Each structure stands twice: as C-alpha cells, then as structure tokens.
Amino acid sequence: MDFEKHQSLHTIIMLRDVIRKWWQMELSFADRHGVVHDWQRGDITPPPNPFCRISLDSREGLRRCSQSVRVLHEKFRGNKKLRRSLFHDCHLNFSIVGAPLYVDNEYAGCLFVEGFARQSLQPRDVDVLHSRLLQFAPPLSDLERAEERVPVLDGAELAKLSDLLEYAAQEIINNEAELARREDQQPPPSAEVLERYRFEKIIGRSGPMMEVFRLMEKVANSDSTVLINGESGTGKELVARAIHHNGPRTDQPFVVQNCSAFNDNLLESALFGHTRGAFTGALRDKKGLFEVADGGTFFLDEVGDMSPALQVKLLRVLQEGTFLPVGGTQHKEVNVRVVAATHKDLGELVKRGEFREDLYYRINVIRLQLPPLRERRDDLPVLIDHFLRKHHREGQRTRGLSPEALSILGAYAWPGNIRELENEIERLLVLGGDFEMLPADLLSSRIRDAVVPGGGPFIPPRAHGRLHEAVEALEREMIHQGLLRTRNNKSRLARELGISRSNLILKISRYGLDRGLPDNDEPEVEA
Ligand SMILES: Nc1ncnc2c1ncn2[C@@H]1O[C@H](COP(=O)(O)OP(=O)(O)OP(=O)(O)O)[C@@H](O)[C@H]1O
C-alpha cells in the first residue's frame, strides 16, 4: 500500500494533530513487509521522548526501533483474525500500539504510535533504560529532565489512542477502496496514446495492459527511476525502450545491461569502466556503460542479481550521480535515468538480506508490473495476429491458425510468456509450408502435451448429449486448465473460479485430476 496517497486525507491530518497535541507522539505507518518508509528515508520527526529521539538518531538504535515495529507487524501478519489494535514493548521497554490495515482481505501494513510508557517510570526503570541506551549511544547528561518528558498513558488514555488508530485505519481502508473504484472507472488511454504504443510495437488491449500504458504515459515525461517487474519474456525491455523514446531523453543513448550476464568483476568494469593497469589485461582506459549512457537512459535488467558491492556503487550513482571506475581515484559525474527490471520479488530479497533496503527504496520509486501472458489471455488473438504478420515472409501466402490450434494456444499456460508465443508462431510459419490454415499438429509437442496430456486431440465443449454430462466435462476441463495455468495453486484457482478451496479439492479428486501434479500449493489461512 502506498501510504503517501492517504496522508492528505482530512481525517488523517486531524488524527495526526490530535495525537500530537494530546500525547506529543507521531502517527507512523509500516508497510506489508513491516518497513517504516519515513524512517528509511531519514524522515524522522524528533519525538519529545528523549530516549526515543536518541535511539532514532543512531544507526543501531534505528535498527532496533525498526525491529521492534517489525515484531508488532509480524503479530498482525501471522494472524489474519487480528483486526483490532495491539500493544508491544520496544527494545527500550516503552510501548508501541498499532492497528492493522487490510485491503481486499489482504494484510497491507499497520498504523502505529510508539515511544510511551504505560505507567510512571521508577528510578530503577530509568537506570535500566539508560543502560540499554548506552549500548549504542553516548550517555544522557540530564536523566531527570529526560524522564519527565516521557509520555505516560494510563489505561483509559491507551484505550482512546487505540480507538483513534483503529478509526484512522478504517478511514484509510475506505479511501483505498474508493481509489480502486475510481481507478476502475478511469477512461481507457486515449486513442493517441494507444497509437503511440502500437507504434512502439507493444501489443495489448487487455485491462492489465491498459493499466501499464496509463502508468507508462505518466512516467515517460518524468526523470524518476522506474522499476519494471515481470516474468521473463513479458516485455520489460520493450517497455523500458518505449519509456525512453516517449520522454525528453529520446535523442540521447539508450543503453542496456543484463546484471546476471557477467561475473562481478566483469560487470563492475562494464558498468563503471576501468583505468589502464587496473587489472591484468587492462591495457588502456575504458569507458563504462554509465558514461556511455550519460544524458540518456540506462536499462539495468535483472537488477536483483547484482552483488552487494555493486549495489553500493549503483546506489551512489542514483543518489549523487557519481561513480569510481575500477582502479580509478577520481569520481566521474553522469546524468543518467535508470530503468531497472527484475523477475524477482525485490521486497523478498530485502527481507532475506540479499538486496540493500536503501537501494530498493531508491529504485522502487515507480513500479510497473507487467502481467504474465496467462493473466492477459484477452491479448492472445491480437498478439498472434501481430506475430503472424511480423514473421510473414515475402512471397508467402497470408496464413492463419486453425480453430483447433488457436484453442490449444488459448489454453496453454505460456511460462515463457510473449517470447515463447513469438517463437512458436515463427516456428509454425517455417514448418507450415503451403498450409492456408496452420494445423494443431504442427504445434510443439511441449504445448500440445501440456494442454492435452498424452498429445491427444483437444476436445472443445460439446453442444449435444445430456446437459449434466456436458457441464461436468466443461467443469473438468476448466479445472484441469486452471491447475496447469496456476501451476497447481489451488487457493488461487478456487478464487478465480469463485468456489471454496475445499470444494475445488473435492472436484479435483472426483475428476481424478490430482494424479501426477506437483504439490506446490500453499494452504491459506482463512479469515
Ligand atoms: N506487448 C508486446 N507486444 C509485442 N511484442 C512483445 C510484447 N511484449 C514482449 N514482446 C516481445 O517478446 C520478446 C521478449 O520481450 P522482452 O525482451 O522485452 O522481455 P523481457 O521481459 O525483458 O524478457 P527477459 O526478462 O527474459 O529479458 C521480444 O521479442 C518482444 O518484442
């Protein structure tokens, strides 16, 4: 959830004011990973509680405060039934109170207020507090005054604060639903915009692609860093190029580098260049790609595969526009717009400590999510048509696909996405010889077998015989295709089909569809 868009809500402004006036504390937000974005950005309003102020000021203290918030967040995340406020004691033994946020029944983060005591501090408490603080900060000179400034909330006050937090959370949830409703009602992108992307050869007219076009239109003219997320072959590079060509840097270079293509040393030298003698074989100075891209756009593909050392260097380029070539002693300056892409969940990598959190927030300014082809099947006919024209050779008859071939392509899960579809169509055209309509048996066996195990013919729904048998045949087919498409994710498929998970499992077993399928489904906690 993007908390920014709720900050200006009248109710949130009022509640924030009330919390400040009554208790001198701050209303804060942690996202669905338990990350407090304001703190990450260094945007910390100094709390009057001097112990908390010192803690938030120090690197280690901030880490411990964030960890304390994360414990509260884990309690919410671990139990979907917890919808009311909760308390937790922080690393300094003060209290945090938080209220969870749910959007579409999914946990989306929490609102919290921290840094208060639940009863007056005793001299012994102050000593303990002070000694904990000493673990990462210099001694406090005036302990007595510090102690007086700690907000103390008794039971009744605490109940009020919890109510306010729950109220604020409800306001945000309502606002989120309202924004989603308005988004749904937004008019589709203008004909001019669609024409432009058609020119860029980005084909798509499904809902998810319209959303992508709308966002592209917004980001193209800005200079902000963009993160494109999507499985392999979904068109990340194509979209990055279009963003570049539709923005002010279009006359400047567009440079591409895949971060998983080289080992660390080679990648560093490719990105940042090297000086003569920097390593064996470096016979002369060599410009890095960041320098080549100066003034233009740099598309960094598979950014999630960058080593920690290179992540530091990339962060510096993004924050300061400078870098040091390998073996160099002088920083170089560049003005490059970075469009990064990955098929990985960078948030997850951050949690596992494999991707720097500060870099994540720096590149995740605007995120474009490219849908996999299986989630935009409406685009299949236009994409097939596009690739039939694209790979049509001079002198060949214009050809189409037989209905049976089309229905197999329509049912296939396309793990390799548009790249796989394009290759398949190109292959069909080569193999098709003089066929007017390309038949299903020319399709790759991989595709035929996945759709109809054993490679038998695809049976379209019957239009004759007994109704209940035809309905059962259709139901079986839909579940079967769904299992292939979702890779056996029963929770997701049940949601898509609009039936309960237990009902789906019963049907799978009744139709004997559970044989030979990998069991990678995760049980879902029911709300
Ligand atoms: N919407 C689209 N319309 C037409 N062609 C597309 C579309 N999306 C992707 N393609 C084509 O599919 C192929 C793969 O696209 P691209 O290289 O941009 O994907 P990618 O997500 O960057 O893949 P990878 O992560 O494997 O590098 C390209 O030939 C591209 O032209």
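Model, not experiment: these values are computed from the prediction. Both ligands and their constituent atoms are indexed starting at 1 by order of listing.
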Worksheet, complete the sentence: For D301, the atoms of ligand 1 under 4.0 Å from one of its heavy atoms are 27 (O)

Worksheet item: Just which atoms of ligand 1 are under 4.0 Å from any heavy atom in E231?
Response: 21 (O)

Discussion item. Cation-pi check for F272 against K313: NZ or CZ below 6.0 Å from the six-membered ring centre and within 45 degrees of the axis, yes or no?
Written reply: yes

Discussion item. Between ligand 1 and L421, can you find any atom pair, the residue atom being a heavy atom, that is separated by under 4.0 Å?
Written reply: no

Worksheet entry | G233 touching ligand 1 at heavy-atom level, < 4.0 angstrom | yes

Discussion item. So, using side-chain contact (heavy atoms from CB on, under 4.5 Å) as the criterion, who are the partners of N263 when residues are at least two apart?
Written reply: N265, L266

Worksheet, complete the sentence: Across all chains, not counting sequence neighbours, the side-chain contact (heavy atoms from CB on, under 4.5 Å) partners of L318 are T225, L314, V338, L359, R362, I363

Worksheet item: Between F387 and ligand 1, which part of the residue brings a heavy atom under 4.0 Å of the ligand: side chain, backbone, both or neither?
Response: side chain

Fill in: Region of V239 that comes within reach of ligand 1 [heavy atoms, distance under 4.0 Å]
neither

Fill in: Heavy-atom proximity to atom 24 (P) of ligand 1, best of E422, E237, R419, H343
R419

Practice prompt. Begin with the C-alpha distance, continue with both residues' side-chain angles, and end with the deciding distance and a verdict on salt bridge (charged side-chain N to carboxylate O under 4.0 Å, His left out) for R241 and E237.
Written response: CA-CA 6 Å; R241 277 183 196 280; E237 184 172 338; 2.9 Å; yes

Worksheet item: Ring centres of H331 and F323 under 6.0 Å apart?
Response: no

